[in-house]
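Report on the structure given below.
Numbers for residues simply follow the sequence, beginning at 1. What you are looking at is a predicted structure, and each value in this text was computed from that prediction instead of being measured.
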Amino acid sequence: MTQLDQHCRPIGVLRLSLTALCNLACPYCLPDSKEPLGLINLEQRLKIVKAAVELGVHSLRLTGGEPLLNPDLEELITAINPLRNQGLSDIALTSNGFLLNGERAHRLRKAGLNRISLSLDGTTADSVARMAGIKHGELHLAQVLAAIGHARSAGFDPAKGDLKLNAVIEKGKNDNQLLPLAELARNEGIELRLIEYMDVGNRNGWQPEAVLTSAEMIAVINKQWALEPLKRRSATTAKRWQYTDRKSYLATIASISEPFCGDCNRLRVTANGIAYTCLFASQNSGLDLRDYLQANSCSGDLKEAIGKLWGNRSDRYSEQREQQLKSGSRKAPAEMALLGG
Ligand code: SAM
Ligand code: SF4
């Protein structure tokens, strides 16, 4: 039976971070320059995924940091793929795309990956450099544009939702990229997902004034290309629209202006095996799964521990953000690249 939490939310998605490291330094994320202590290995990750699937997880997202930096990625996916017979229906990857060449895209597809989300926050070298925290954006932009083609050639079909583009939009920083990004995605027939700038971690200096809301983003794009809203699928992060000319879809992740804690089904596990139940969780609130991952540990114990963590879960930070920030009661949160975005 699927494990429920204190608000009767069933567990459904596992976001597994494969590394806290990244080859970029996006100022809104600011990853660490070294891995956390006690990284877990491929077999241990497999054990976690198996236990999560037994508890009701149907969708796995591999993330980081930058997951393409992990040399075991294809082997891990190959090992996880048979779990499709036990209820896992989706194996997805979120990547900044820089390292996604043609060969890698084919290998990932062959291993069993069925969905890729690529992150790109602008269509000019300047905007890309600014948002990625790098000096020159030309090469990065070219690589990510090429990665879109490589993913498509490997069989990730955007028309089926297998290939999407993520963009974080920050007021005054890259909001002038909204229309160019929408145009790029429309021309590629790819769903663009516009992410509101979030107060994850301790380092990005987040201020509410820097958030461009979903409603503001949609208003800008709707003026240029008419959009019609679609019904929200339950337990998803996105609000979706379709262009009335049917060219493609658009989505927003409105965690700040329209929180979706009510049916959140996502469990997160860091690269060193700490499980968290919320993207905005405090650093010390995770459960160290390594205690249950020793060679001689019983797999039932791991499943029971994750089940208990989920069963006790009552967090709904995005709905409480304003109140927690006002009262100063928010505890130091874990960083995004560690938790896995
Ligand atoms: N490195 C990969 C990437 O960038 O796609 C995967 C990890 S990254 C943490 C996952 C997603 O989180 C990316 O789409 C990124 O843009 C988003 N993200 C990171 N920090 C964010 C923030 N402060 N607000 C909103 N989205 C953020
Ligand atoms: Fe790296 Fe992704 Fe964080 Fe950017 S958002 S610094 S690409 S982990």
Classify the side-chain pair E196/T252 by whether it contains a donor and acceptor separated by less than 3.5 Å. no
Do S318 and S255 pair up side chain to side chain, a donor and an acceptor below 3.5 Å, judged on atom types alone? yes
By the side chain to side chain donor-acceptor pair (under 3.5 Å) test, which pairs, at least two apart or in different chains, include something from residues 19-45? T19-E35, N23-N96, Y28-D121, D32-R203
Please round to the nearest 0.5 Å and tell me the distance separating atom CG of L113 and atom CD1 of I77. 4.5 Å
Result block: side-chain N/O donor-acceptor pairs under 3.5 angstrom for residues 128-139, not counting sequence neighbours:
{"residue": "R130", "atom": "NE", "partner": "K173", "partner atom": "O", "Å": "3.0"}
{"residue": "R130", "atom": "NH2", "partner": "K173", "partner atom": "O", "Å": "2.9"}

Quick check: is L14 connected to I116 through a chain of hydrophobic side chains (ILVMFWY, heavy atoms under 4.5 Å apart)? yes
Is there a side-chain contact between R104 and L73, using heavy atoms and a 4.5 Å cut-off? yes
Does any part of the side chain of I306, heavy atoms only, come nearer than 4.5 Å to the side chain of V269, both counted from C-beta? no
For a quick test of reading the model, state the closest non-hydrogen atom pair linking L339 to A334 and the distance between them. CG-CB, 3.9 Å
Are side-chain heavy atoms of D291 and D301 found at a separation under 4.5 Å? no
Contacts of A215 that satisfy side chain to side chain contact (heavy atoms under 4.5 Å, CB included) - sequence neighbours left out: T213
At what distance, to the nearest 0.5 angstrom, does CD of Q3 lie from CD of E304? 10.5 Å
Run L108 and L100 through side-chain contact (heavy atoms from CB on, under 4.5 Å) and show every step you take. CA-CA 10 Å; L108 289 167; L100 192 71; 3.8 Å; yes
Rounded to the nearest 0.5 Å, what's the gap from CG on L120 to CD on Q143? Could you check? 12.0 Å
Do L279 and M336 have side chains that get closer than 4.5 Å, going by heavy atoms? yes
Same cluster or not: L165 versus L99, using hydrophobic residues (I, L, V, M, F, W, Y) connected whenever any side-chain heavy atoms lie under 4.5 Å apart? yes
Would you say L88 and L42 are hydrophobically clustered, going by side-chain heavy atoms of ILVMFWY under 4.5 Å? yes
When rounded to the nearest 0.5 angstrom, what distance separates CZ in R313 from CD1 in I11? 9.0 Å
Going only through I, L, V, M, F, W and Y residues with side-chain contacts under 4.5 Å, is there a path from Y197 to I195? yes
Under the side chain to side chain contact (heavy atoms under 4.5 Å, CB included) test, residues paired with N222 that sit two or more places apart: A226, L227
Decide, yes or no, whether a salt bridge links D288 with R290 under the criterion of side-chain N to carboxylate O below 4.0 Å. yes
If you look at every heavy atom in A125 and L141, which pair is closest and at what distance? N-CD2, 3.9 Å
E228: which residues meet the side chain to side chain contact (heavy atoms under 4.5 Å, CB included) condition with it, sequence neighbours left out? Q242, T244, R246
Apart from L30 itself, its cluster of hydrophobic side chains linked below 4.5 Å comprises none
Between K171 and V211, is any pair of side-chain heavy atoms under 4.5 Å apart? no
Are the side chain of R321 and the backbone of L325 linked by a donor-acceptor contact shorter than 3.5 Å? no
Residues two or more places apart in sequence or in another chain: which of them pass side-chain hydrogen bond (donor to acceptor under 3.5 Å, both in side chains) with E170? none
Counting only pairs under 3.5 Å, give me each side-chain donor-acceptor contact of residues 178-193, with atom names and distances, residues two or more places apart or in other chains.
{"residue": "R186", "atom": "NH1", "partner": "D245", "partner atom": "OD1", "Å": "3.2"}
{"residue": "R186", "atom": "NH1", "partner": "D245", "partner atom": "OD2", "Å": "3.2"}
{"residue": "R186", "atom": "NH2", "partner": "D245", "partner atom": "OD2", "Å": "2.7"}
{"residue": "N187", "atom": "OD1", "partner": "K247", "partner atom": "NZ", "Å": "3.4"}
{"residue": "N187", "atom": "ND2", "partner": "E183", "partner atom": "O", "Å": "3.4"}
{"residue": "E188", "atom": "OE1", "partner": "R152", "partner atom": "NH2", "Å": "2.7"}
{"residue": "E191", "atom": "OE1", "partner": "R240", "partner atom": "NE", "Å": "3.2"}
{"residue": "E191", "atom": "OE1", "partner": "R240", "partner atom": "NH2", "Å": "2.8"}
{"residue": "E191", "atom": "OE2", "partner": "R193", "partner atom": "NE", "Å": "3.2"}
{"residue": "E191", "atom": "OE2", "partner": "R193", "partner atom": "NH2", "Å": "3.4"}
{"residue": "E191", "atom": "OE2", "partner": "R240", "partner atom": "NE", "Å": "3.3"}

Show the numbers, then the answer: is there a side-chain contact (heavy atoms from CB on, under 4.5 Å) between L212 and V220? CA-CA 11 Å; L212 194 70; V220 171; 5.9 Å; no
On a heavy-atom basis, the closest approach of G122 and S127 is CA-OG, 3.5 Å
Side-chain hydrophobic cluster, 4.5 Å single linkage: members besides L39: none
Looking at Y317, I'd like to know if the NZ or CZ of R330 sits under 6.0 Å from its six-membered ring centre while staying within 45 degrees of the ring's axis. yes
Compare every heavy atom of G97 with every heavy atom of S95, then report the nearest pair and how far apart it is. OG-N, 2.8 Å
Check: I253 and F260 side chains under 4.5 Å, non-hydrogen atoms: yes
Between L194, L118, T94, which is the residue that forms a side-chain contact (heavy atoms from CB on, under 4.5 Å) with N166? T94
Determine which pairs satisfy ring-ring contact (aromatic ring centres under 6.0 Å, His included) with at least one residue from residues 213-252, sequence neighbours left out, and list them in order. none
Considering residues at least two apart in sequence or located in another chain, which fulfil the side chain to side chain contact (heavy atoms under 4.5 Å, CB included) criterion with N114? R84, D90, I91
Using a 3.5 Å distance criterion without hydrogens, assess whether the side chain of N81 forms a donor-acceptor pair with backbone atoms of T78. no
Heavy-atom side-chain proximity of L289 to L309 below 4.5 angstrom: no
Is there a chain of hydrophobic side chains (I, L, V, M, F, W, Y, each step under 4.5 Å between heavy atoms) that links V53 to L293? yes
May I have all residue pairs that pass side chain to side chain donor-acceptor pair (under 3.5 Å) and include part of residues 7-16, sequence neighbours excluded? D5-R9
Residues L93, F156; criterion side-chain contact (heavy atoms from CB on, under 4.5 Å); working and verdict: CA-CA 11 Å; L93 177 85; F156 296 94; over 6 Å; no
Whether the Y276 and D315 side chains hold a donor-acceptor pair (N or O, under 3.5 Å, no angle test) is what I'd like checked. no
For D126 and T124, which I'm curious about, is there any donor-acceptor pair between the side chains at under 3.5 Å? no
Are any of the side-chain heavy atoms of P31 and E66 separated by less than 4.5 Å? no
